[in-house]
Amino acid sequence: MTYDLIVIGAGPGGYVCAIRAAQLGMKVAVVEKRKTLGGTCLNIGCIPSKALLHASEMFEEAGHGMAALGVVVGAPKLDLPMMMKHKDDTVAANVNGVAFLFKKNKIDSVIGEGRIAAPGKVVVKSEDGAEQTLEAKAIVIATGSDVARLPGVEIDEETIVSSTGALSLAKVPGKMIVVGAGVIGLELGSVWRRLGAEVTVVEFLDRILPGMDNEVGKQVQRLLEKQGFAFHLAHKVAKVEKAGGGLNATIVPAAGGEAKTLDADVVLVAIGRRPYTENLGLEALGVAMDRGIVVVDRHFATNVSGVYAIGDVIRGPMLAHKAEDEGVALAEILAGQAGHVNYDAIPSVVYTSPEIASVGKSEDDLKAEGAAYRVGKFPFTANGRARAMRHTDGFVKILADAETDRVLGAHIVGFGAGELIAETVVLMEFGGSAEDLGRTCHAHPTMSEAVKEAALAVDKRAIHV
Ligand SMILES: Cc1cc2nc3c(=O)[nH]c(=O)nc-3n(C[C@H](O)[C@H](O)[C@H](O)COP(=O)(O)OP(=O)(O)OC[C@H]3O[C@@H](n4cnc5c(N)ncnc54)[C@H](O)[C@@H]3O)c2cc1C
């Protein structure tokens with residue numbers, strides 16, 4: 001069978017690329033080695049983590065948040081198997097949804113491990129070892145990423161776990177050590193903290209959420225400490241050993257010094273992810289790589305004619321929506337259109353409680369660039385809707401060019417921040433200014449009024465502070 005396009009990997013990059021290509025009239029096949037579609041994101045990433053984050057937030061609310069609203073529910077009881085079933089049902093609904101979309105768009109789904117034998121040729125090996133060769137004009141590598149490992153720490157997915165094991169623990173650990181204060185560590189640490197674990201985060205750098213605005217990181221650390229998180233910043237985990245029924249983690253100051261031992265029932269290794277290209281045959285094919293990352297040009301083309309790459313396997317933030325947008329852009333480019341991705345306006349959300357959302361430059365970026373900028377800030381303590389919902393933690397910060405007033409970045413810590421960020425992303429897509437945002441009518445009372453007020457605060461014109 002000869003296709004216009006073969007996509008290897010059915011994650012958000014691959015499946016979205018396939019659907020857009022099919023919409024544009026191409027004959028498409030997707031090769032996926034997992035039995036279900038949707039990749040890391042739908043099976044073991046974004047979707048199951050959000051199911052557990054939501055369910056554990058409800059548990060926390062029932063136990064602590066509702067009495068102050070006059071809703072007395074008594075001490076909530078945890079039914080962990082039911083919570084896990086909610087997560088599994090959510091995953092099933094999403095992965096089946098992708099299978100439905102493939103059928104609707106007449107995309108051939110081929111289950112097995114794909115290898116690029118030559119330009120235009122993909123060999124697919126199924127579980128029973130049988131091989132078939134598919135041919136296409138264009139091949140897209142969308143094989144995503146895998147957990148980054150820590151020397152001295154052997155992941156067994158039972159007590160020493162990656163994010164995958166942390167999504168399926170059979171019981172709430174008494175003590176949990178999270179290695180890495182990035183997005184995944186803080187999200188999954190939040191789940192188990194809310195369900196009753198004592199959570200200690202060990203981070204090599206001297207701050208949490210590296211890469212995000214520093215002020216945001218500091219405020220979120222305080223909020224998480226109030227929720228019971230303990231942090232050992234500027235420390236590295238040297239080794240984790242099994243001891244009795246539990247684990248001993250040896251941590252050492254990053255700058256050198258005396259080692260300490262922390263005990264735990266579960267250690268979650270969440271130090272990041274690395275591009276995944278194993279068994280793809282890229283070396284034999286001569287595809288250029290840079291420290292594991294597949295090198296592509298602005299049109300997602302590798303140095304080998306007819307071979308393209310998108311998503312976690314190429315440069316840029318490892319985010320599902322970035323992979324999706326690259327999938328759409330590449331399908332359009334292959335169809336002769338002008339698809340492109342604006343990397344300056346890719347939002348990023350951390351689904352802790354409260355949520356953290358950002359887009360564009362941080363204040364640290366602008367300082368490093370020596371850019372002239374103005375800052376507008378507005379706290380949720382001054383927002384009526386936030387008070388009514390008892391969700392007053394956090395703030396909105398808008399960064400605008402000092403001369404043109406064009407918005408360069410937005411950072412939100414607060415309830416529903418992941419939804420609130422969207423209007424600033426649209427604004428940035430259209431090259432909008434803080435004045436544009438400040439003059440846009442926002443419904444009252446809504447959390448989004450804080451975004452408008454922060455935009456007004458850029459020009460020191462906020463009304464409610
Ligand atoms: C716990 C966790 C939570 C996350 N939460 C979020 C979030 O809230 N928001 C967000 O934007 N991002 C989140 N991410 C990141 C997100 O999952 C990734 O950025 C996204 O899945 C990348 O999409 P992709 O298509 O590049 O690759 P992937 O989703 O990794 O998909 C690649 C697919 O390729 C398959 N594959 C690999 N090699 C082969 C081969 N040789 N043959 C056939 N198939 C192959 C794999 O089985 C996999 O299914 C999270 C990640 C994790 C781990």
Side-chain angles (χ1 to χ4, degrees), residues 6-18 29-54 87 91 94-95 98 109-117 122-127 134 139-148 161-168 178 180 182-191 268-282 293-294 300 309-328 330 346-352 355-357 418:
I6 297 173
V7 181
I8 308 178
Y15 87 72
V16 169
C17 181
V30 176
V31 180
E32 170 57 57
K33 64 178 180 163
R34 196 180 255 121
K35 286 197 184 71
T36 50
L37 304 174
T40 304
C41 178
L42 272 59
N43 288 281
I44 51 165
C46 329
I47 296 299
S49 60
K50 267 78 248 180
L52 290 184
L53 279 155
H54 178 72
K87 176 206 69 176
V91 168
N94 280 275
V95 300
V98 177
S109 173
V110 185
I111 298 297
E113 187 172 40
R115 176 172 56 86
I116 309 177
V122 175
V123 174
V124 186
K125 191 174 173 185
S126 55
E127 219 177 27
L134 308 176
I139 298 170
V140 178
I141 302 166
T143 48
S145 60
D146 189 18
V147 172
V161 297
S162 71
S163 54
T164 307
L167 288 166
S168 296
V178 177
V183 179
I184 293 176
L186 297 186
E187 287 187 5
L188 293 177
S190 292
V191 167
L268 162 60
V269 179
I271 55 165
R273 297 183 62 82
R274 57 179 182 86
Y276 181 82
T277 54
E278 266 162 48
N279 306 328
L280 262 179
L282 299 191
I293 297 169
V294 178
F300 309 103
I310 54 172
D312 279 10
V313 91
I314 66 168
R315 77 269 179 283
M318 286 185 169
L319 291 170
H321 43 282
K322 175 255 190 192
E324 289 187 32
D325 284 8
E326 289 176 341
V328 169
L330 174 54
I346 294 180
S348 169
V349 180
V350 188
Y351 297 82
T352 44
E355 289 180 357
I356 308 151

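As the structure is a computational prediction, the values presented were derived from the model and not from experiment. Order of appearance sets the numbers: ligands from 1, and atoms from 1 within every ligand.
Applying the salt bridge (Lys or Arg N to Asp or Glu O under 4.0 Å) definition to pairs two or more places apart or across chains, those involving residues 313-326 are Arg315-Glu326, Lys322-Glu326.
Within the 4.5 Å cutoff, the side chain of Leu53 has heavy atoms near those of the Ser190 side chain. With a 4.5 Å cut-off on side-chain heavy atoms, Arg115 and Asn279 do not count as touching. Looking at heavy atoms from C-beta onward, Val124 lies out of side-chain contact with Ser126 at the 4.5 angstrom threshold. At a threshold of 4.5 Å between non-hydrogen side-chain atoms, the residues Tyr15 and Val30 do not count as touching. You'll find the side chain of Val269 stays beyond 4.5 Å of the side chain of Ser162, heavy atoms only. Looking only at side-chain heavy atoms (C-beta outward), Leu42 and Leu37 stay at 4.5 Å or farther from each other. Taking the side chain as every heavy atom from C-beta outward, Lys125 and Lys33 never approach each other to under 4.5 Å.
Here the CZ-CD1 distance, from Arg273 to Ile184, works out to 6.0 Å after rounding to the nearest 0.5 Å. The distance from atom OG of Ser348 to atom CE of Met318, rounded to the nearest 0.5 Å, is 13.5 Å. Distance check, rounded to the nearest 0.5 Å: CD1 of Ile8 to CG of Leu280 gives 5.5 Å. The CG atom of Leu188 lies 11.5 Å from the OG1 atom of Thr352; values are rounded to the nearest 0.5 Å. Distance check: Glu113 CD to Glu32 CD gives 10.5 Å after rounding to the nearest 0.5 Å. Rounded to the nearest 0.5 angstrom, Thr36 OG1 and Asn43 CG are separated by 3.5 Å.
With hydrogens left out, the protein atom closest to atom 25 (O) of ligand 1 is Gly13 N, 2.9 Å, a heavy atom. Looking from atom 23 (O) of ligand 1 to the surrounding protein, the closest heavy atom is Pro12 CD, 3.3 Å. Nearest non-hydrogen protein atom to atom 35 (C) of ligand 1 is Glu32 OE1, 3.3 Å. Nearest protein neighbour of atom 41 (N) of ligand 1, counting heavy atoms only, is Gly114 O, 3.0 Å. For atom 43 (C) of ligand 1, the closest heavy atom belonging to the protein is Lys33 N, 3.3 Å. In this structure, atom 30 (O) of ligand 1 lies nearest to the protein heavy atom Thr40 OG1, 2.5 Å. The protein heavy-atom contact nearest to atom 31 (O) of ligand 1 is Gly11 CA, 3.5 Å. Looking only at protein heavy atoms, the nearest one to atom 10 (C) of ligand 1 is Ala320 N, 3.5 Å.
Of the heavy atoms in Ile8, only side-chain atoms (C-beta onward) come closer than 4.0 Å to ligand 1. Only the side chain of Lys50 comes within contact range of ligand 1, with a heavy atom under 4.0 Å; no backbone atom does. Residue contacts with ligand 1 for Ile44 involve N, CA, C or O but no side-chain atom from C-beta outward (heavy atoms, distance under 4.0 Å). With a 4.0 Å cut-off on non-hydrogen atoms, Thr143 touches ligand 1 through its backbone as well as its side chain. Counting heavy atoms under 4.0 Å from ligand 1, residue Ser163 touches it through the side chain alone. Counting heavy atoms closer than 4.0 Å to ligand 1, residue Arg115 contributes nothing at all.
Ligand 1 lies within reach of Tyr351, whose nearest heavy atom is under 4.0 Å from it. Ligand 1 lies out of reach of Asn279, whose nearest heavy atom is not under 4.0 Å from it. Gly112 counts as a contact of ligand 1, since one of its heavy atoms falls under 4.0 Å from the ligand. Not a single heavy atom of Lys322 sits less than 4.0 Å from an atom of ligand 1.
Using a 4.0 Å cut-off to heavy atoms of Met318, the atoms of ligand 1 that qualify are 15 (C), 19 (O). The atoms of ligand 1 that sit less than 4.0 Å from any heavy atom of Tyr276 are 37 (C), 38 (N). Near Gly9, meaning under 4.0 Å from one of its heavy atoms, ligand 1 places the atoms 33 (C), 34 (O), 35 (C). Close approach of ligand 1 to Arg273 is summarised as follows: ligand atoms under 4.0 Å from at least one heavy atom of the residue are 53 (C). Listed by atom number, the atoms of ligand 1 under 4.0 Å from Ala142 heavy atoms are 32 (C), 33 (C), 34 (O). Listed by atom number, the atoms of ligand 1 under 4.0 Å from Gly311 heavy atoms are 26 (O). Near Ser145, meaning under 4.0 Å from any of its heavy atoms, are these atoms of ligand 1: 30 (O). Of all atoms in ligand 1, listed by their number and element, those nearer than 4.0 Å to a heavy atom of Arg34 are 47 (O), 48 (C), 49 (O).
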> Does the side-chain contact (heavy atoms from CB on, under 4.5 Å) test come out yes or no for Ile141 and Ile116, once each step is laid out?
Replying inline: CA-CA 9 Å; Ile141 302 166; Ile116 309 177; 3.9 Å; yes
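Closest non-hydrogen pair, Gly45 versus Ser49, comes out as O-OG, 2.8 Å.
Backbone and side-chain nitrogen or oxygen atoms of Asp312 are examined, and one is located within less than 3.5 angstrom of a nitrogen or oxygen of ligand 1. Taking distance alone, with nitrogen or oxygen atoms compared against 3.5 Å, Leu188 stays at or beyond that limit from ligand 1.
Although no hydrogens or angles enter the test, the distance criterion places no donor-acceptor pair under 3.5 Å between the side chain of Ser168 and the main chain of Gly165.
Counting only non-hydrogen atoms, the option in Ser162, Cys46, Cys41, Gly45 that gets closest to atom 13 (C) of ligand 1 is Cys46.
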